[in-house]
Amino acid sequence: MAAPETVEVAIVGAGIVGLATALRLAAEGREVLLIDPNEPGSGASFGNAGTLAEYACMPVGNPAVLRQLPKLLLDPDSPFAWRWPAFFQLAPWLVQFVRQSLPAATRANALALAGLLAEALPAWEEMVKEADVADLLRRNGCLYLYRREIDFAKAAGGRALRAGFGVHQEVLTPGEVAALEPSLPPTGASGLYFPDSMNVADPKTLMRRLLDAATARGVSVAQAAVARLRVEADGVRLSGSGIRIKANMVVVAAGAQSRALAMQAGDRIPLETERGYHLEFPTKAPLLNRPVCPVDLGFYMTPMTGRLRVAGTVELGGLAAPASPRRLALLDRGVRQFFPQLGRPSSEWLGFRPSLPDSRPAIGPSRRSPKVIYAFGHGHLGLTLAPITARLVADLIAGRGDRDRLAPFAADRFGA
């Protein structure tokens, strides 16, 4: 579809956050153009673990991770890996990550995330009705699996933190774990169950349905790469390969590609990329009833339509390097500890999570201009937080936004 020369709201990025925002704005009668060089919803929005993790207020950086960080970064088979050729690029981000992993910062970050996550599922329920996607959601919770007592003990701080924020969680005995997931091998593992969590049966289908719902409400889509953003007195000019438009307002929701656009708008935001992987295995019948995360392995096993998706781990290493066979092999070996009968994977995937050192997304206006609004950096929570982010962005555009409420997610929280 050819892009118009002018538009009321341009959204740069058609992942789950961009799609949800486009749908929300169109429902409010806005003229919206959605811009992305790739197929909408084809990046991390497609390749994630499919969980709506309203419980996930513990930031990636926390004292437990900080204590283990040297070991994690030096062990190529750990759930938290580092590509050493990218060391100089990533070192400033890692310094800030370490600072944000200290106890006081961890609690502040968790508090900010918990406030946003408390509204995540209600916002999802609203979007489900708007886009008619109820058949793609499964409402049967999520299970953390603790195969070693030491891992359960180390997680005590996280359990206490979530309890303090009112997150619904239940500690399970090995017998209760077996009752929930009878196909798991009898390892004697204890569990932590989040009964309110939901998961997506097919992320790709969900993205397509959201796009269809948005375009049915008048959203235009342009397949183009925005390379330049310039704030002018009467709007924002966007240009790049295949695009040249002027918008009254611009929403930057370009995921891992957002940092350069934010810098052109006048904001230095320390966005880096967590490289996420998944493998999929075809199944005739579901092997699990819900997403299961063996915490010692750092990935999720999620039953999806006709397949089991094994997704997760953290690899820091930028956007350019190819997929690491070692990381894919790590997922393959890990899932076979539970299901050794699996055949060869039917697909493998590498995607890029846009991550900030404090695990909080950037949501709110540029400090230089209210015409540019940020909605990126959601890390592991893009799928979960997309509808509530869309609501907050729509409120800002309509002049309903509460700036104090958005202060924890402001673009200038890292300084100049």
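Predicted model, so just to flag it, every value in this text is computed and none were measured. The basis for the numbers below is simple: all heavy atoms, side chains too, and nothing from hydrogens, waters or symmetry mates.
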Between [Y] and [X], is there a side-chain heavy-atom distance shorter than 4.5 Å?
X: Ile269; Y: Asp412; value: no
X: Phe376; Y: Leu271; value: yes
X: Met58; Y: Leu113; value: no
X: Leu136; Y: Thr205; value: yes
X: Val250; Y: Val252; value: yes
X: Leu288; Y: Phe339; value: yes
X: Ile245; Y: Leu33; value: yes
X: Glu232; Y: Lys371; value: no

For [X] and [Y], work out which heavy atoms get closest and say how close.
X: Leu121; Y: Asp196; result: CD1-O, 3.3 Å
X: Ala265; Y: Leu229; result: CB-CD2, 3.9 Å
X: Met304; Y: Pro203; result: SD-CD, 3.6 Å
X: Tyr277; Y: Ser324; result: OH-N, 3.0 Å
X: Thr106; Y: Gly61; result: OG1-O, 3.6 Å
X: Ala375; Y: Val17; result: O-CG1, 3.5 Å

Using a 3.5 Å distance criterion without hydrogens, assess whether the side chain of [X] forms a donor-acceptor pair with backbone atoms of [Y].
X: Arg275; Y: Pro322; value: yes
X: Asp212; Y: Leu210; value: no
X: Ser241; Y: Ala225; value: no
X: Thr384; Y: Ala53; value: yes
X: Ser258; Y: Ala253; value: no
X: Ser197; Y: Leu52; value: yes

Is [X] salt-bridged to [Y], cutoff N-O under 4.0 Å?
X: Lys246; Y: Asp234; value: yes
X: Lys154; Y: Asp296; value: no
X: Asp151; Y: Arg148; value: yes
X: Asp132; Y: Arg209; value: no
X: Glu126; Y: Arg391; value: yes
X: Glu130; Y: Arg217; value: yes
X: Arg353; Y: Glu315; value: no
X: Arg24; Y: Glu28; value: yes
X: Asp358; Y: Arg99; value: no

Q. Taking the six-membered ring for Trp, is the centroid-to-centroid distance between Tyr55 and Tyr144 below 6.0 Å?
A.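 Close enough - the centres of the two rings lie under 6.0 Å apart.
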Reported [atom1]-to-[atom2] distance for the pair [X] and [Y], which is rounded to 0.5 angstrom:
X: Leu184; Y: Leu145; atom1: CG; atom2: CG; result: 6.0 Å
X: Leu392; Y: Arg400; atom1: CG; atom2: CZ; result: 10.5 Å
X: Met198; Y: Thr51; atom1: CE; atom2: OG1; result: 11.0 Å
X: Glu119; Y: Ile388; atom1: CD; atom2: CD1; result: 4.0 Å
X: Arg290; Y: Asn140; atom1: CZ; atom2: CG; result: 5.0 Å
X: Glu54; Y: Cys142; atom1: CD; atom2: SG; result: 9.0 Å

Q.
Working note: Met249 + Ile373, criterion side-chain contact (heavy atoms from CB on, under 4.5 Å); need CA distance, chi angles, decisive distance, verdict.
A. CA-CA 8 Å; Met249 303 280 291; Ile373 295 176; 3.6 Å; yes
(Q) Per the salt bridge (Lys or Arg N to Asp or Glu O under 4.0 Å) rule, what does the pair list look like for residues 299-309, sequence neighbours excluded? (A)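 Passing the test, one end in residues 299-309: Asp202-Arg307, Glu280-Arg307, Glu280-Arg309.
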Q: Evaluate the ring planes of Trp349 and His278, with Trp represented by its six-membered ring, and classify them as parallel (under 30°), tilted (30 to 60°) or perpendicular (over 60°).
A: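 Plane angle under 30°, so parallel.
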Q) Hey, is CD on Gln96 packed in by over 12 heavy atoms from elsewhere, all under 6.0 Å? A)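 Correct, the count exceeds 12.
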Q: Give a yes or no on whether Arg413 atom CZ has more than 12 heavy-atom contacts from other residues, nucleotides or ligands under 6.0 Å away.
A: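 More than 12 within 6.0 Å, yes.
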**Q.** ring pair (Phe, Tyr, Trp, His ring centres under 6.0 Å) against Phe97, all qualifying residues, sequence neighbours excluded
**A.**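 By the ring pair (Phe, Tyr, Trp, His ring centres under 6.0 Å) rule, Phe97 matches Phe80, Trp93.
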Identify each donor-acceptor pair in which a side-chain atom of residues 34-41 lies under 3.5 Å from a protein atom, sequence neighbours left out, and give them as a table.
unit_1, atom_1, unit_2, atom_2, d
Asp36, OD1, Asn38, N, 2.8
Asp36, OD2, Ala14, N, 2.8

Q: Check the pair Ile16 / Asn48 against side-chain contact (heavy atoms from CB on, under 4.5 Å), numbers first and verdict last.
A: CA-CA 11 Å; Ile16 180 62; Asn48 52 63; 5.9 Å; no
(Q) Applying side-chain contact (heavy atoms from CB on, under 4.5 Å) to Leu316 and Glu272, what does each step give before you reach the verdict? (A) CA-CA 8 Å; Leu316 301 174; Glu272 273 300 342; 5.7 Å; no
Q: For side-chain hydrogen bond (donor to acceptor under 3.5 Å, both in side chains), just list the numbers for Asn109 and Arg360, CA-CA rounded to whole Å, side-chain angles, deciding distance to a tenth of an Å, and then say yes or no.
A: CA-CA 7 Å; Asn109 295 333; Arg360 307 182 207 171; 2.8 Å; yes
(Q) Determine whether Leu328 and Leu279 satisfy the following criterion, side-chain contact (heavy atoms from CB on, under 4.5 Å), listing intermediate values before the conclusion. (A) CA-CA 7 Å; Leu328 293 166; Leu279 295 174; 3.8 Å; yes
Q | Trace of the side-chain hydrogen bond (donor to acceptor under 3.5 Å, both in side chains) decision for His380 with Glu274 | A | CA-CA 9 Å; His380 296 248; Glu274 288 183 38; 2.6 Å; yes
(Q) Applying the side-chain contact (heavy atoms from CB on, under 4.5 Å) criterion to Ile11, which one of Val251, Leu19, Val221, Val219 satisfies it? (A)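 Checked Val251, Leu19, Val221, Val219 against Ile11; only one passes side-chain contact (heavy atoms from CB on, under 4.5 Å): Val251.
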Q: Kindly confirm or rule out a cation-pi arrangement of Arg159 over Phe152, judged by NZ or CZ under 6.0 Å from the six-membered ring centre and within 45° of its axis?
A: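 Output yes; distance and angle both within limits.
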